[in-house]
Amino acid sequence: MGRILIVEDEPQLLRAMRINLRSRGHEVRTAADGAHALAEAAGHPPDIVILDLGLPDMDGIDVIRGLRGWTRVPIIVLSGRTSGPDKIAALDAGADDYVTKPFSVEELLARIRAVGRRATPAEHGPLVTIGHHQVDFAARAVTVLPASAEGTRTASAEPAGAEPAGAEPAGAGPAGAGPAGAGPDGDIEPSPPRLTPTEWRLLAVLVDQPGKLISSRALLDQVWGPGHADDTSSLRLYVNRLRRKLEPDPSRPRHLTTEPGMGYRYQP
Ligand code: CA
């Protein structure tokens, strides 16, 4: 339940969303253009904003910037399938997530629930659990949690040649990726993975905003710094390395997930 502001200039879509969200117990206010959206949000601060990017009077990106000047309210962007760059720009401007038109009500509701959970974030503190691993950001250490009953832990070695140019030194190598000295049966306790400084930074950025889709550009900017915005292949490589070290099944990541062409997300 919450107060939702819907900003959408297509009357039928606006009406359908209003009816559906009200029927779920949300308090819904609406605006059909950017100026009214900003005034409405200021006059009646919402818990969530659903924002169409294509508005008659201004770009939805400018609405996001206007809101972000004073509020951290979660913003879900509605965008056409053809406007990938717009969606990335929206995320970089401060949107929390997006739904691609046409979308189902269930999809929108799922996004609303997800950002609603984040609106009251549980401070993760220094300890975060990812799959079978407990990650301690204070001690910069990863420990392996006792194996669960399913016993599906997958050991995968780091393939040769996977090191990027500028690979990190010391203790970061393949030894960290899987069980050291696993025999043919592979049933010994795995040694805890070790993360490189870059992997720690990347993981920290992802974990800091659980569930939030973070654009590749934002990740590159925060982890590698300005000037690396286009180095998406390095980013992909590092995410894959984190998956091999932390995911229960790196080939089917559940906690460090990809939104193709957009970015990455940490799912607790
Ligand atoms: Ca529109």
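For reference, positions follow the sequence shown, starting with 1. Atoms within each ligand, like the ligands themselves, are counted from 1 in listed order. We use all heavy atoms of the structure for the numbers below, so side chains are in, but hydrogens, waters and symmetry mates are not.
A donor-acceptor contact under 3.5 angstrom links the side chains of Lys87 and Thr100, judged on distance only. Under the 3.5 Å distance criterion, with hydrogens and angles disregarded, a donor-acceptor pair is assigned to the side chains of Ser215 and Asp92.
Note on the Ca ion (ligand 1): protein N, O or S atoms under 3.0 Å away count 3, no waters included.
Heavy atoms only, all atoms of each residue included: Gly60 and Leu55 are closest at CA-CD1, 4.3 Å. Between Gly34 and Asp57, the closest heavy-atom pair is N-OD1, 2.8 Å.
Considering CG of Leu51 and CD1 of Ile6, their distance stands at 11.5 Å, rounded to 0.5 Å. A distance of 9.0 Å separates CG of Asp96 from CD1 of Ile48, quoted to the nearest 0.5 Å.
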